Structure formats: C-alpha cells, structure tokens
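Notes to accompany the following structure.
Just so it is clear, the values below take in all heavy atoms, side chains as well, and ignore hydrogens, waters and symmetry mates. Quick caveat: nothing in here was measured; it's all calculated off a predicted structure. Reminder, nothing fancy here: chain letters follow the sequence lines and each chain counts from 1.
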Amino acid sequence: MKFMEYQARETFAKYNIPVMNGVVIDSVSQVKEKIKDLKFPLVVKAQVQVGGRGKAGGIQFADNVDDVIRISDKLLFTEIKGHKINKLMIVEKANGIKECYLSIILDRQTKCPMIIFSAEGGIDIEETAVKSPDSIIKVKIDPAIGVQGYMVQYIINKSGISKNIAPSLLEVIKQLYKLFLDYDALLMEINPLLICEDNTLIALDGKIDIDDSALYRQPIVKEYRDELQEEELILEARKFRFLYIPIEEKGNIAVISNGSGMLMSSIDLISKANMTVGAALDLGGGATADRIKEAVRIVLSNEDIKYLYINIFGGITRCNEVAQGVKEAMEIQPKGKCVVVRLEGTNKEEGVNILNSSNLDIVSVDGLVDGVKALAERGAV
Amino acid sequence: MKFMEYQARETFAKYNIPVMNGVVIDSVSQVKEKIKDLKFPLVVKAQVQVGGRGKAGGIQFADNVDDVIRISDKLLFTEIKGHKINKLMIVEKANGIKECYLSIILDRQTKCPMIIFSAEGGIDIEETAVKSPDSIIKVKIDPAIGVQGYMVQYIINKSGISKNIAPSLLEVIKQLYKLFLDYDALLMEINPLLICEDNTLIALDGKIDIDDSALYRQPIVKEYRDELQEEELILEARKFRFLYIPIEEKGNIAVISNGSGMLMSSIDLISKANMTVGAALDLGGGATADRIKEAVRIVLSNEDIKYLYINIFGGITRCNEVAQGVKEAMEIQPKGKCVVVRLEGTNKEEGVNILNSSNLDIVSVDGLVDGVKALAERGAV
Amino acid sequence: MSILVNENTKLIIQGITGREGTFHAEQMLQYGTKVVAGVSPGKGGQTICGIPVFDTVREAKEATDADATILFVPAKYTSDGVKEAIDAGVELIITIAEHVPVKDMMEIYHLSKRKNCKVIGPNSFGIISPGKSKAGFMAHKIFSEGSVGVMSRSATNCYETVSMMTKNNIGQSTCIGVGGDMIPGSTFVELLPLLEADPQTKAVVIIGEIGGNEEELAAEYIKNNMTKPVVALIAGKNAPKGKSMGHAGAIVSADGTGSAENKEMLLKQAGVHIAESTEHIVSILKEIM
Amino acid sequence: MSILVNENTKLIIQGITGREGTFHAEQMLQYGTKVVAGVSPGKGGQTICGIPVFDTVREAKEATDADATILFVPAKYTSDGVKEAIDAGVELIITIAEHVPVKDMMEIYHLSKRKNCKVIGPNSFGIISPGKSKAGFMAHKIFSEGSVGVMSRSATNCYETVSMMTKNNIGQSTCIGVGGDMIPGSTFVELLPLLEADPQTKAVVIIGEIGGNEEELAAEYIKNNMTKPVVALIAGKNAPKGKSMGHAGAIVSADGTGSAENKEMLLKQAGVHIAESTEHIVSILKEIM
C-alpha cells in the first residue's frame, strides 16, 4: 500500500526526520486559519498519487494568503490525469544548496534491506538506474549489522557530496531504517532530500510502500489506507477478499481465476491472440457458488467489460457449485455480456450441464486454450 | 553491577512486569505519609545486597502503621552481615498459589541469552543446579528468533505448571528479554515469581546484573550505581580507573599488578605458599609514576594490609618511573608496611637502583616467584 | 528416488487440530505419507486420525525423530511456527500460508540459511513425490509417478501443467511449489542441484513468473551445471508494470527488473526450452523425452 | 609456516590516525608486518608512516586486497568497526580494546560465524608470529621464533611465560591473545586445529583462566584430535567466587561452573600437562621438547 505525500511527511516527522512546516487542507475555507503560523513563501501541493504532478500544475508557489486561497480554489476537487484532488498540502518553501535521493528498499536479490542514494535528487530513480547506473550508490543492510557509520562514509565518498553532512545523513538513514522495519515497509523513499547550508537535511517529498500482508499489524497504515482514493471496484472486491486488478484502459475482456498464476497465464494467452484484457480478479481460495456470484457481479459492473473469461482449475473444487454461481450471477445481469467458463475439478460434468442448460450467454469450454479461442469467436478484441 | 531489590522492582514495573504496590523509605519519619495508599498487611524489607536476609530478620510483616514504624525503627541504619541498611522497601503482601523461579542469563557456552525456569521458587538457583539439575529448565534464545510462544509451551510442559498461565508467562518473559537487551544485562532474575489464582504473575523479588562495560550507554543504571553501598576503597580506586578487589577478610597481603592475569597468578602463588591475600588492585594500562603512587596509597590505606606485592611486567613500561612512584608513595606512609616490588621492562636497572637506594621498607626482587619468597621471608602469612 | 520427500519421510503437521490441518492430515495419510506427529500448542496428548499431538515441535521431534514439518497455520502465526521448527532442528519445513509478511520471511530466510535447514514456501502448495508421499494440500489425483521434476511459483499453473502431463502419460518425480512470494524460503537455484543429482529425474520443468531474479539465477546455474533438459514457462508477460498480480512476488519494477523478456532470454541462452503456455510445456516434453 | 599471520599477511589498521594507532603502526612496520592500509573515517587520502589512509574498510580492502585488520579504536566504537570489517569481507579481525560491552560481542560472535571470518579478541594483545609478522601491541622483543604455539586469555601471563621461554631458548611459532572477555571472538578450541595442522608448531601452550568453558571444550578437542603435546596453566585458582578479577570472563559462577579444578581435571584427562605457574610451563616444555 502506497502512502500519499502528506501521509509520508507526517510519518517522517514522527520519526524525527526533518520536514518543512506545513498543513493539510480539504476545503478552501480552512486555509486562513490553518496557515496562520506558516512563514511565506509557501508551496501548495495537490495530493494525488500520480507522476508528473508538477508539470500538470499540481505544485504552485504562494507569497501571501490571497495567493494560497486562489491556488487552493483552483486546484481542489479538480483532477490530474484522472486523479481527483481531495486534499492539498501547504508547506513552507525550503532553502537549500543541493537535492539528493535517498531510499531504503527491500532487495529481493540479497533478501536484505538496501540503502539507495544518489547525489542527484528529484529524479525518477528507476529511469536513472537505466540511464546512468553509476550515479546510484547501493549499500546492503545486513539485518544483523543494521545501519552503521561506515555505510554513510562510503556513500559520501562514492557520491562526492560534502563530508560535513555525514552526521545528519547517518541520523536520517538510521531513522529511515527504523521506520522501514517498524512499518513493514517495502520502500521508504525521500526524494528530494535537501541539503541545507548548515549541513542539516530536510525531506521535501517522500514515497512509502507498505507490505499489504503486514497491514493486520499496522493499524496506523490501515487508517491511512482509508484516506486513499482507490477505485471503487478494488474496494468492493476487497470486502470479499478478492483482488481486483485493472489491466489495460481499453480492454473489454475480464478474467476471473482462483489463483494468480492462472490469471497471468490467461492474460498472456489472450494477449498473444491479440485481444486486450481490461481487468482481472483473483478469487483466492474457496470457489463456492456465493463467492463466484459476487465476483461475477463485481467484474461485470465495470461497463467497459463485455466479455468475461472464468477459468477455475482446482482439484477439489466442486464444478457444479461454480456453475450454479455463474448462472445465478448472469440471471440478474443486463443483456450484452458474454461469459466463457472453463471448469476443471470434481463434478465437472454436472457443472457443464448446468451451464449448457441455461439460456444465457454462457459458453462452457474444455481447457484454457479453448476458452481463449471461444472469446475470439464471440468477437472479443 | 548488581541492582538493589527496590531498583529491580522499579525496573520491572517500568517494563510492565507486575510487582506489588510499594514504597521505599530512608527515614522512619517518611513512613506515615508514604504508606498511606498501601493496603495492609505489608512487608518491610531491608535493602541490603547480601544473602540470607530473611533469616537475619531483614524481612518482617506489619498489620498496621504502628507495626511499620516499629519495624522500620528497629531495622533502619543497623547492619545485616556487615551491610548497613540505609533503605527499606515496604510493599503489600502478595497472595498467590505458587512461587516459581524465572531468569534470563547470558549463557557463555552458547553465547546466547538463556531462559532459566524452575517450578520451585524462592530457591537459591545455583544450589538447585547442583542438587537437582532436572528441576531446572533451560531454553536458549537465539537472538534472531527472540522469545516465542513455543518456548513458553515447552517450559510449561517440562515443569508441569498450569497451562493457564501460558499467556501471562509469555508476556513476562518477553518483557524480561526486552529488559535484558535494553539494559545490557548479564542477569535478569525474578525470584520468586508468584502465580496468582487468576493466572496472573507477580515479581516478588528480583536480581539484575548489568555488564559494567556497557554502563557508558546506560545512564539510568549509572544513577542506580551511585545509590549502592560500595566499599570506599572500590569507589576511590574507580576514580583512577583502577579495579580494587577485596579477596579474603583476614588476608594481610595486597597485590598490585598491571593486568588481571598476572594478578590472578600472583594470588595463586601466594596462596600456594600458604599465605593469604586480602586485596588486589589492577592498574590497567599506563603504569606511570603518578598512577603507581595513587595505587599504593589506596591499597595501603586499608589498615589490615601489612604487605604489598607490586608485580609489574610490561615490555614497554619504564621501570624507573614505576620505582619512583613506589618510593614517593612509601615516603608518606606510616611505618610498619612492607613492599615487595618485581619490575620487568625498559630501564629495569635504573628502577632497581631507585628502590634499593631508598631507606624505606622496599624489597626489589627479580621474577614472580622470588617476590613470593620475599613475602614469606618478611613474615607475611 | 525423488527429492525432498519420499516414502520414508517422517512428517510433522503443525496446526493439526485446525480444520485445514485435520482435513489434510487425513488426505496425506491416505496418500501414504508417514505423518508421525501433530503439533498444536495446549493440545498435546490428543490424537488426530491416530496421529499423536504434541504441544511443541521440539517435543514432537524428540518423540518421533521426524525430519520434515508442514505448517497449516494462518499467515500471522507462520513466522512463530517456522522459527519453532528451525529451532527444534527440523531439516525440511514446508509453509503454505498466503500473505506472510515479507519482513517475517526476510528473518526466516537468513535464519534458515544459518541453521542449514530448508524452508519451502510460503504461499506454496507443498511438495509431492507421486506414488510415494505428499506434504501439501495439492489434489494428488492429477499427479502421476514418472521422471519429470517440476518446480513452480504458481499452484494453479502447476496443476494445469501436471494434469496435462498425466493425461499424456508423462509422470513426475517430485513437484515442488516454491511459492509466489517476494522472499521464498527456497528458490529454483537451490533445488536444481537436487533434481540434477536425482536418478529418477530425467527432465525438469520450471514454471516461473515475472518479478524477482529466481529464473535468472536458475539460468546461470543451468548453463554451468545442468546436464538434464529443462523446460521453462514465464507467466505474466502481459501483466501491467509495477502492479502486483496477486502473487506478491510477481511484480516487475518500473526499471524493468524481473521482466519476462529478460528471464526468457537468459534461460534460452542457458539452453532451456521456453514454453509459451502450459500446453506448450507438455508438447515440448513429448518431443524431448 | 605459523598460523593466522605471517610475512605475507596484508594488514589494515583501523583507527590509524589515533595516538595508539599511529604508534603501533610504526612498531608493526618496524617488526616487518605488511601494513598496507589505514582506516579513519573522514581522513581518507592522508598517509601515516607511508601507509595510505582510507575512510572505510571497504575502500581499503578494495584498494589493497588486505586479508586482516586490527582495530585501535575505543571499546564503544569496537562493535561498529568490527561489523564494518566483517561487512567488507576481511577474513581475520583483531580487536584489542578492553571493556567492549558483552552484548556487542554476542552480536559479533554470531555474525562472524555466519560470515566465516575469524575475530580475535577483544581485550587481546593481538597475534605475533615471531620473526615474521605481528598484529598487535605486544612488546615484540620478548618473543623469539621457534616451535611452540601459545594461546592465552591473559596478556601479562603470556608475556611472563614467553619471556621465560625466550630466555630458555624455547621459541614460539605463533602467540595469540584470545582475550579475557566473556565472549571472545575465537576460543582455544577454534584455534587448536590450526596449531595441530601447522608444521612449524611442535607443542602448544594454553594459558587459561577460571570462568567460561573454553578450557573444557579445548580438553575435549585435544583428547580426540591433538597429536602434539599440550601444556596448560589455569590462572585464578584462588580468586574469590562470583567476583570479576578484572577480566570480565574470569569469573566462577556460584554453582562452581568455570572452576579451575574442573578445567584442570578435564585437561589432565585429555593428556595435557598441567602447569602450576608460568615458570612451571617453561620447565615442562624443557622436559617434553
């Protein structure tokens, strides 16, 4: 789960990582009261989870209260690249001499947390990793060693930044690592990290990504999640412990399966046949009639989806149950949606009979590849 | 450094390990005010660091305020086995159904912390370890694993205590382990650990021993150390970073050396020759004239000490410096004390000359064994 | 032969008194697995399907000299349970729960390497050596004894493949679900040497996915060490970048790390037969065996 | 031959710019030790006695391919420095500081075993292979080249012994200060195999102390594996129970664990010659060599 900028800022501040003074508003009427202790000039930042926010006008400077009100009024509740702006963060403008990049990620190769640093801040680190990998310094953190002074010394030498920031950089990295562990993070990123004239550091912007599997022991993060603007279907699916994944914007095919691997295989085969998948839903375990019915309902409530491919392969899944669920779901669907069903498991024949005996637009197929063919035959693209 | 009982109780409470309500007093006049919120019956416990305190009358029960005043008046500022009672701890009397033993020690064999548990509480664990080792359950804590529920399950099964205390025992052990790590402890002992009827646990008494080498990062423990009643000579020696160690009460020989190993070897040889060492002082590094002088002064200020054996072996120690220090120290000593000096190092001859040219009771010897012989010749016993 | 589990493997089931644990204890017993003990804290002394239940793994191991354990416990207790098994000296630990926090697996990964034990999973269907023994929850009917070793990050893709193999009379020596998480206890490259050394195994199937570098490391090992033919499928070519596809591990970084293209390229260079689909795996196997 | 350090050992000095570091850098160079680099954070680029100084061990190792390091840093920075050296892949790490917190050593002990590097100390005088190289602060004049390997928990007792050995024309192959702390990085039992395998070493002297179980473990190893004669001294027989004698490790538990009696008994059973004093060690050596 990815934090919004204001959530990251709040989290950094909790762990004594310096951030700029600031406030969050969700209504223009709050501006005057909330910013009264802030020193101008200020920066107004639209809180949306999408790249290129600055270029799209989502970050603006203000020299007085009127400016802030004007900008807030212009930004609030508009959209940037389809993301609605429900909150603005207003912070004091920082003065520094250099911007750097700092993050701690979970490195899958070494199975350890890894510090990533670049003397070039404000960059897209992934792009930089491809274009100029040498400018990126990586230091593995052995969990039994933790963050030590020599790691910072190494970063300073390799990056060529001023030795004078060593103490404050060590402090920031230590706190960021503590945050990383305490919050079950996959990513803790400060970008840009501003170096000030007095050798202190300020986190100007940040990204935090938390391991979804650990949310049960991260109550604060769970609260943060409720503040995010997630797609309605993702939220609706989550209620049933389904995973709903939007794939391509223009796709009119959806895929439902009882496992992530099968889902990916299905998408791969459909794509190979030059058709486009718009959404996917992972049922997880327990393909019962009720759950199937809900899953079909959720997926087809997306108006762009015209074709649905249900691919259930489970040794002990009862196919008649699945078929029943599909049938019931389709009975209450408006016309114009076609469902292809591939079943494998116990009571397969019974299930196929249920599907074939309905007079709804349901196609029963035998095998993964046949299902893809059926989609093409029915006119999916 | 070993905690007093009231310090241990305070420390347990800080980490949410249940203890009895109570107060600490160091004057009878405080009794009335301090105990006003406590529920009778109360227990008055003399705060001294010596075994067998109960049998010596250091633990007494009180049913009312007058009792407490009477007992306090009787105990305060008297001595138990030579230990002066400067403080009393007054706690509510506990009601429980069983007393156990619980500790976490640093195990030198596995180099890991180790949980030690016995269903028999209030015992001398070291005595029990010899007499009935089977009644003691040991569980190693791998630092990478920490304290886990299955360890408690194992303790319960092996000791035969009630399964119902599993949750509270796990909680206490987890907190005790946290304490162990946070405080740089060598020992965290709760004895007895009382099991109550509602399956909760209470720490009735405790021993805490902290690694002296880690005191620099344990400010709270350093404060506690100042409250201890340590021998004056230990404290005086500590000012110069010397280690003063009382050995046998009746010994009239003291040994000074520049290393712990040599100190032990000297004591071994003297004991083997049927003489008795009363005290030892480890100079640590830097055997300069000034430091030697202070060391001699401190050791000889112990009136029981009549003989002093100084054994300095250092490849780069300047012997003339050492000799000068000894001479200057002896010049201001009252008569009746004899010093045997064994020197090895640079400028040995010069040093020996300084010693021999003085008309004080200083014997210069060549070699460790010769020094021991000299002590015997001079009449040490 | 087969690898990891066989007819002599003595298995512990942690969480045996739970619904899933009891159900699969029965399933495994029926398949012929030597389930020697169950573990369930506070429930020691019971028996389930004739299997003695202990309070702790240490006691179960002491009493039965078991050499493997499988955990039917929820994700949030998986870390505890695996650490307990490691601490008790069990050599093979199979953990099936989905959604185990990655931090827990980071700890377990390093701990298990230090203690020289093998952890399989989490998010794994387990291990089956058809005809001999199974330690897992897979529907064993679709498996058949034979000479192809199968390793898969995905349960469903593995079932699909194995089921077709069986229909085509291509049996399996051992099938291992390495699991779909970001940090699996054991990866392809750690299991390949066992399959290479196993006389029963004549060919190997790797069902990989996007994300991570497990297939890349496998490719390097295969290039330098494997003499047996290997077929590989990489699922998730058309999954959107930067999004998890359900398997926490199946995620391509924005910089392209973990892409199917790279994995396929390196595997191809190592002489591995690349399959386009689960069906294709079987047709390749038919050709080469 | 000799063990651990010899004329080819390339040594780093951590803390070279400190007073002690600089002084002993010069001493070691004079003795013939190949000191190839110094480390001092923030002082990289300088040279001390002609030795290049680096900011980090990693850089020093990359530039010089050093295989050992010695730390002249205070106790409170020892943990950092040793972990840095381990992390940089240095194989032999010698740490001399007194009063290193035992918790730090607990961490370092387990870390070093996992990373397969050898830590000597803390509270050690270092290692000397007389006539070849020294990595430590011992006054090298009292040492002489020969065929007795010496390991000691105490610096002063080792000096005393070695000095008498040298006077009696009994030289040493390698002398190692294992240190007097509760958790030493390496103990007798880990060094004995090296001495047994070293062709230069014809006999071994162990200078032990009360406390811990290092001598007990050594006795077991000697009994089963050593062919060379071993002489041992246990200091502290008459030290009061339960009190530290300066060496944090030299402390007998109230239950008698770590007592000199037990150590001597087990060593004797293993065929070790027990010496009553440092002088006695030399007289035994004279007899048996």
Side-chain angles (χ1 to χ4, degrees), chain B residues 106 108-109 111-113 124-130 142-144 180-181 184-186 211-218 243 245-248 257-265 267-272 276-277 280-282 284-285 311-317 344-346 367-369 372, chain D residues 75-76 98-107 109-110 137-142 152-160 163-164 180-183 207 209-214 217 233-240 243-250 253-258 260 276-279:
Chain B
L106 175 81
R108 290 174 67 177
Q109 312 216 9
K111 275 83 175 166
C112 287
D124 180 336
I125 194 73
E126 274 128 356
E127 214 171 273
T128 313
V130 176
D142 186 315
F180 185 87
L181 294 180
D184 272 296
L186 300 174
D211 178 9
D212 287 329
S213 298
L215 288 190
Y216 75 89
R217 62 189 180 195
Q218 295 293 350
L243 180 70
I245 312 156
I247 311 283
E248 299 211 29
S257 192
N258 58 338
S260 161
M262 186 68 90
L263 217 49
M264 285 191 280
S265 288
I267 297 170
D268 287 349
L269 283 174
I270 294 169
S271 304
K272 210 173 149 63
T276 310
V277 176
L281 185 143
D282 187 352
N311 187 6
I312 305 290
F313 189 106
I316 54 172
T317 310
E344 199 64 57
T346 314
L368 179 52
V369 177
V372 176
Chain D
K76 68 163 87 173
E98 272 186 282
H99 305 307
V100 175
V102 71
K103 190 169 89 172
D104 295 356
M105 276 314 299
M106 184 171 84
E107 289 174 14
Y109 180 87
H110 295 288
F137 63 79
M138 68 292 282
H140 50 251
K141 283 180 194 163
I142 59 171
S152 178
R153 283 169 69 181
S154 149
T156 41
N157 279 334
C158 185
Y159 295 166
E160 179 88 35
S163 146
M164 274 186 285
D181 277 5
M182 293 188 97
I183 300 186
I207 303 174
E209 284 176 4
I210 50 170
N213 71 330
E214 301 170 31
L217 292 175
L233 169 73
I234 307 296
K237 283 184 197 66
N238 298 90
K243 267 186 199 161
S244 164
M245 290 300 295
H247 276 180
S253 308
D255 67 355
T257 310
E276 295 294 332
S277 65
T278 44
E279 278 196 339

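- Residues N157(D) and G261(B) come closest through the heavy atom pair ND2-O, 2.9 Å.
- The two atoms that bring S265(B) and L368(B) nearest to each other are CB-CD2, 4.5 Å, heavy atoms only.
- In this structure, chain B has a heavy atom under 4.5 Å from the backbone of V100(D), while its side chain stays farther away.
- With a 4.5 Å cut-off on side-chain heavy atoms, L106(B) and V102(D) count as touching.
- Put simply, of S271(B), A185(B), S260(B), A280(B), the one with the most heavy-atom pairs under 4.5 Å next to chain D is S260(B).
- Looking only at heavy-atom pairs under 4.5 Å with chain B, the residue among S154(D), P101(D), P240(D) that has the most is P101(D).
- Listed for the R153(D) side chain is no donor-acceptor partner under 3.5 Å among the backbone atoms of A235(D).
- Contact of D211(B) with chain D is made through the side chain alone, with heavy-atom distances under 4.5 Å.
- Using a 4.5 Å cut-off between heavy atoms, K141(D) makes no contact with chain B at all.
- Without hydrogens or angle criteria, N213(D) side chain to Q109(B) main chain gives no donor-acceptor distance under 3.5 Å.
- Between chain D and the options L269(B), I245(B), D142(B), L243(B), heavy-atom pairs under 4.5 Å are most frequent for I245(B).
- Interface remark: of the candidates S152(D), G211(D), G180(D), G211(D) forms the most heavy-atom pairs closer than 4.5 Å to chain B.
- Nearest heavy atom pair, residue D268(B) against residue G236(D), reads OD2-N, 2.7 Å.
- Proximity to chain B (any heavy atom under 4.5 Å) is restricted, for T278(D), to the side chain, taken from C-beta onward.
- Within the 3.5 Å criterion, the main-chain N or O of K111(B) finds a donor-acceptor partner in the side chain of H110(D).
- Here the closest heavy-atom approach between residue E214(D) and residue D181(D) is recorded as OE2-O, 4.4 Å.
- Chain B forms more heavy-atom pairs under 4.5 Å with one residue of E107(D), H247(D), E276(D), E160(D) than with any other, namely E160(D).
- With a threshold of 4.5 angstrom between heavy atoms, N258(B) approaches chain D through its backbone and through its side chain.
- Proximity to chain D is limited to the side chain of L186(B), based on heavy atoms less than 4.5 angstrom apart.
- Proximity to chain D (any heavy atom under 4.5 Å) is shown, for L181(B), by both the backbone and the side chain.
- Counting heavy-atom pairs closer than 4.5 Å to chain B, the top-ranked of the candidates G249(D), A260(D), A75(D) is G249(D).
- For a residue to count as touching a neighbouring chain, one of its non-hydrogen atoms must lie under 4.5 Å from one of that chain's; by this rule I234(D) touches chain B with the backbone only.
- Using modelled atom types, one side-chain atom of D282(B) and one backbone atom of G284(B) make a donor-acceptor pair closer than 3.5 Å.
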